[in-house]
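All remarks here apply to the structure that follows.
In the text below, chain A, chain B and the rest are named by the order of the sequence lines, each starting its count at 1. Because the structure is a prediction, the values reported are computed rather than measured.
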Amino acid sequence: MTLRIYNTLSRKKEDFQTIKPGKVGIYLCGPTVYKHSHIGHMVGPVIIDTIARYLTYNNYEVKFVNNITDIDDKLINKAAELNISVEKLAAEMTQDYFDNLNTMGVDTITDFPKATDYIEAMQEIIQSLIDKDYAYPLDGDVYFSAAADSKYGCLSGRKIEEMIAGTRVEANDKKKNPADFALWKKSRPGEPAWDSPWGPGRPGWHIECSAMSRKLLGDSFDIHGGGLDLMFPHHENERAQSECCTGKTYVRYWVHNGLMQASDAPGKVGGQHDRHGDVAVDQQAQEADKLSGSKGAASVKELFAVHPPEIVRLFLLSTHYRSPIAFSDDNIRETGKGIEGFYRFFETFERITGESFYQLPTAEKREQSTGLEGDPAEYFQQLSELRQRFLEAMDDDFNTGGAIGILFELRSTLNALIHSQNLEGAGKQNQAMIDALKTGASQLKELSNLLGVFRKAPAKDSGADDGLVNQLMELVLEIRKDARASKNWDIADKIRDGLAACQITVEDRPEGSLWRRG
RNA sequence: GGCGCCGUAGCCAAGUGGUCUAAGGCGGCGGAUUGCAAAUCCGUUAUUCCCCGGUUCGAAUCCGGGCGGCGCCUCCA
């Protein structure tokens with residue numbers, strides 16, 4: 001089956017075909033680094049990272065560019081407010097962004113260009129647009145003439161006349177046409193400025209992406225990603241200026257992800273199920289604002305203090321990328337509960353095989369994937385069907401939600417083998433079945449790695465001195481073991497209940513008792 | 001005012017013309033297992049996809065209308 005991908009430009013799913021055989025160029029609009037990242041900033045990177053993984057798996061060579069906007073009005077204002085330099089603020093927030101990507105397991109990005117390193121490239125495009133009469137300088141600014149681009153509006157489905165007719169386009173008497181937008185902005189005293197043929201100034205909002213993508217990916221490239229909110233005006237303008245400059249198609253597939261919506265208000269997220277909704281809910285609904293803009297949402301780092309990153313990642317991928325996703329602690333927690341079962345399986349797997357799930361060898365490419373035949377035949381057939389369904393889901397516009405569902409089914413299949421073959425008991429000696437289990441687990445790893453999860457053991461949730469806790473637990477469980485040996489259930493249960501109150505779960509197994517936090 | 005998206009079980013969510021008497025998860029219920037639990041396994045939990053019409057041999061899926069929710073048109077991932 002061929003890979004299909006939804007293209008905002010055509011509003012349809014299209015067969016995926018690259019410009020250069022075997023190679024994919026991807027550009028994702030990155031953050032303006034004036035504040036800490038919030039969870040919404042992670043949506044695009046996680047999704048495109050997943051797409052990049054899948055394309056690599058399908059034998060494409062992927063170049064994935066994600067820009068850093070380190071010059072912008074917001075940056076200038078924020079730096080002034082904090083009384084630090086723009087450079088310092090940008091450097092700090094860039095580092096924060098990198099840290100967050102790293103924690104989220106986003107590691108397919110190959111290039112992180114900074115806007116300020118590409119001023120010259122931007123000026124080249126601006127000059128070229130002026131030369132071709134697509135742009136005009138005015139009092140130290142340079143504007144792109146929207147009406148000069150016959151295709152203007154094709155991406156966002158707007159018409160210039162309608163936009164002007166709309167009440168919300170502010171009339172700017174400087175611009176020739178209200179729909180025109182700035183390519184170059186004259187700088188005011190004290191602001192960062194670069195020399196240009198039009199006087200000292202700084203780039204407009206959209207031009208940086210045109211310049212950086214052109215330098216790193218060429219005049220035309222395959223995939224351009226970003227949040228739905230960027231479709232207009234950002235991507236529309238980017239497209240217009242690039243295509244008018246080069247005369248070529250700028251981007252083949254425009255991929256826009258749905259926006260995350262912040263809300264814990266019951267009446268807001270789930271529809272109108274709110275029965276006791278009065279004042280309190282109204283209040284919450286007001287707070288439940290978009291994550292973006294000036295309304296401060298919790299930073300990613302604050303979020304990670306509450307939820308493990310891997311769970312957050314899977315949460316982001318549990319809904320189709322084009323749909324909006326309701327962000328709430330409860331929703332993430334629910335994802336977390338589902339994932340627990342995978343961690344239990346990994347532990348079981350290690351107990352049985354003596355090997356770490358995370359160290360299992362897996363195929364890196366789709367075509368080198370291991371054969372799925374053997375005994376028990378039914379088990380292997382299930383593996384192979386699940387694998388196929390997983391890949392079909394991913395082939396269909398990266399249906400990660402469907403793919404995750406299949407991961408759960410795969411887990412059940414593996415647990416069922418363990419159960420039916422009694423691999424934790426007498427079956428432990430059955431090497432053929434152990435191998436069958438390993439094959440299945442390896443497939444689980446191969447597929448889950450495509451989503452960027454279960455690649456390595458999650459960081460231990462250590463709220464206290466682990467060394468001491470471990471020692472104490474050893475002692476406590478030793479005492480409980482004695483109690484159980486003498487069938488003193490009262491003591492044994494008292495210990496277990498007491499531990500439960502400390503968020504510690506005890507599992508009694510034939511080979512001994514296990515414990516874990518949570 | 002203009003453009004666009006969405007409405008699937010208690011909740012989250014996949015499926016967008018027939019294999020759908022609708023995947024998967026959370027939660028619930030019953031059973032196996034267990035000293036009891038935990039974990040795991042097995043079974044069960046929507047005859048129906050917001051409502052009303054229409055197209056079709058056939059619709060959750062297409063079309064029209066209605067109701068409800070949301071986004072964009074201004075900075076936003």
Side-chain angles (χ1 to χ4, degrees), chain A residues 8 11 13 28-32 37-48 66 72-74 153 156-159 161-163 165-170 205 225-234 256-261 266-273 290-295 314-315 318-320 322-326 328 330-341 344-345 347-348 389 393 396 399-412 414-420 424 484 487-489 492-493 496-497 500 505-510 513-516:
Chain A
T8 304
R11 316 269 154 163
K13 286 182 198 171
L28 172 68
C29 285
T32 300
S37 325
H38 63 248
I39 183 61
H41 291 121
M42 295 291 110
V43 177
V46 165
I47 283 158
I48 303 288
N66 184 27
D72 173 89
D73 288 4
K74 290 194 291 294
S156 55
R158 287 156 210 267
K159 293 192 177 72
E161 311 84 70
E162 285 168 357
M163 286 165 45
T167 51
R168 306 192 59 178
V169 173
E170 268 183 48
W205 176 26
L228 204 50
D229 53 343
L230 293 182
M231 186 170 80
F232 187 89
H234 184 54
H256 287 106
N257 59 269
L259 301 183
M260 176 159 289
Q261 287 158 12
K268 175 115 177 165
V269 172
Q272 60 286 52
H273 306 294
K290 294 194 298 175
L291 284 154
S292 55
S294 53
K295 304 262 180 182
L314 217 45
F315 170 70
S318 63
T319 302
H320 188 91
R322 277 188 279 117
S323 305
I325 179 164
S328 77
D330 282 350
N331 289 350
I332 296 180
R333 244 178 251 118
E334 198 186 284
T335 299
K337 278 185 198 165
I339 291 177
E340 278 296 310
R344 293 295 84 74
F345 169 74
E347 291 160 9
T348 307
R389 281 170 56 206
D396 185 12
N399 181 357
T400 53
I404 288 171
I406 287 155
L407 249 30
F408 277 98
E409 290 187 63
L410 183 51
R411 188 195 69 193
S412 295
L414 298 177
N415 275 142
L417 181 78
I418 292 171
H419 185 259
S420 70
E424 287 219 79
R484 294 182 71 221
K487 298 199 191 301
N488 190 340
W489 308 126
D493 292 350
R496 192 174 58 197
D497 293 347
T505 306
V506 175
E507 262 187 59
D508 294 327
R509 300 193 153 273
S513 297
L514 305 175
W515 67 278
R516 64 171 173 274

Expressed as a whole number of Å, how far does the [atom1] atom of [N] sit from that of [M]?
N	M	atom1	value
C67(B)	C51(B)	C1'	7 Å
G15(B)	C62(B)	P	13 Å
A37(B)	G28(B)	P	15 Å
A46(B)	G31(B)	C1'	23 Å
A22(B)	C49(B)	P	12 Å
U47(B)	C63(B)	C1'	26 Å
G58(B)	G65(B)	P	23 Å

Check: If we require ring centres under 5.5 Å and near-parallel planes under 30°, does Trp489(A) stack on G35(B)?
Finding: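 Here Trp489(A) meets both the 5.5 Å and the 30° conditions.
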Nucleotide N/O of nucleotides 15-19 of chain B paired with protein N/O under 3.5 Å:
unit_1	atom_1	unit_2	atom_2	d
G15(B)	OP1	Asn399(A)	ND2	2.8

Note to self: A77(B), OP1 or OP2 - any side-chain N/O from Asn257(A) closer than 4.0 Å?
What the structure shows: no
Next item on the list: Determine, stepwise, if the pair Arg484(A) / Ser513(A) fulfils side-chain contact (heavy atoms from CB on, under 4.5 Å).
Entry: CA-CA 11 Å; Arg484(A) 294 182 71 221; Ser513(A) 297; 3.8 Å; yes
List for me each residue that meets salt bridge (Lys or Arg N to Asp or Glu O under 4.0 Å) alongside [X], sequence neighbours excluded, and say none if there are none.
X	value
Arg411(A)	none
Lys13(A)	Asp396(A)
Arg344(A)	Glu340(A), Glu347(A)

Identify whether any heavy atom of [X] sits under 4.0 Å from a base atom; if not, whether one sits that close to sugar-phosphate; answer base, sugar-phosphate or nothing.
X	result
Gly226(A)	sugar-phosphate
Thr335(A)	nothing
Glu409(A)	sugar-phosphate

Note to self: Between Asn331(A) (side chain only) and Ala326(A) (backbone N and O only), is there a donor and an acceptor less than 3.5 Å apart?
What the structure shows: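 Yes; judged by distance alone, with no hydrogens or angles, the pair exists.
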Using nucleotides 36-39 of chain B, report all nitrogen or oxygen pairs with the protein that are shorter than 3.5 Å.
unit_1	atom_1	unit_2	atom_2	d
C36(B)	O2	Arg496(A)	NH2	2.3
C36(B)	N3	Arg496(A)	NH1	2.8
C36(B)	N3	Arg496(A)	NH2	3.1
C36(B)	N4	Asp508(A)	OD2	3.3
A37(B)	N6	Asp508(A)	O	2.7
A37(B)	N1	Asp508(A)	N	2.7
A37(B)	N3	Arg496(A)	NH1	2.9

Check: Between atom CD1 of Ile325(A) and atom CG of Leu259(A), what is the distance when rounded to the nearest 0.5 Å?
Finding: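 Here the rounded value is 11.5 Å.
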Next item on the list: Could you encode protein contacts along nucleotides 27-33 of chain B as a string, one character per nucleotide from 5' to 3', using B for base contact, S for sugar-phosphate-only contact and - for no contact, with a heavy-atom cut-off of under 4.0 Å?
Entry: S------
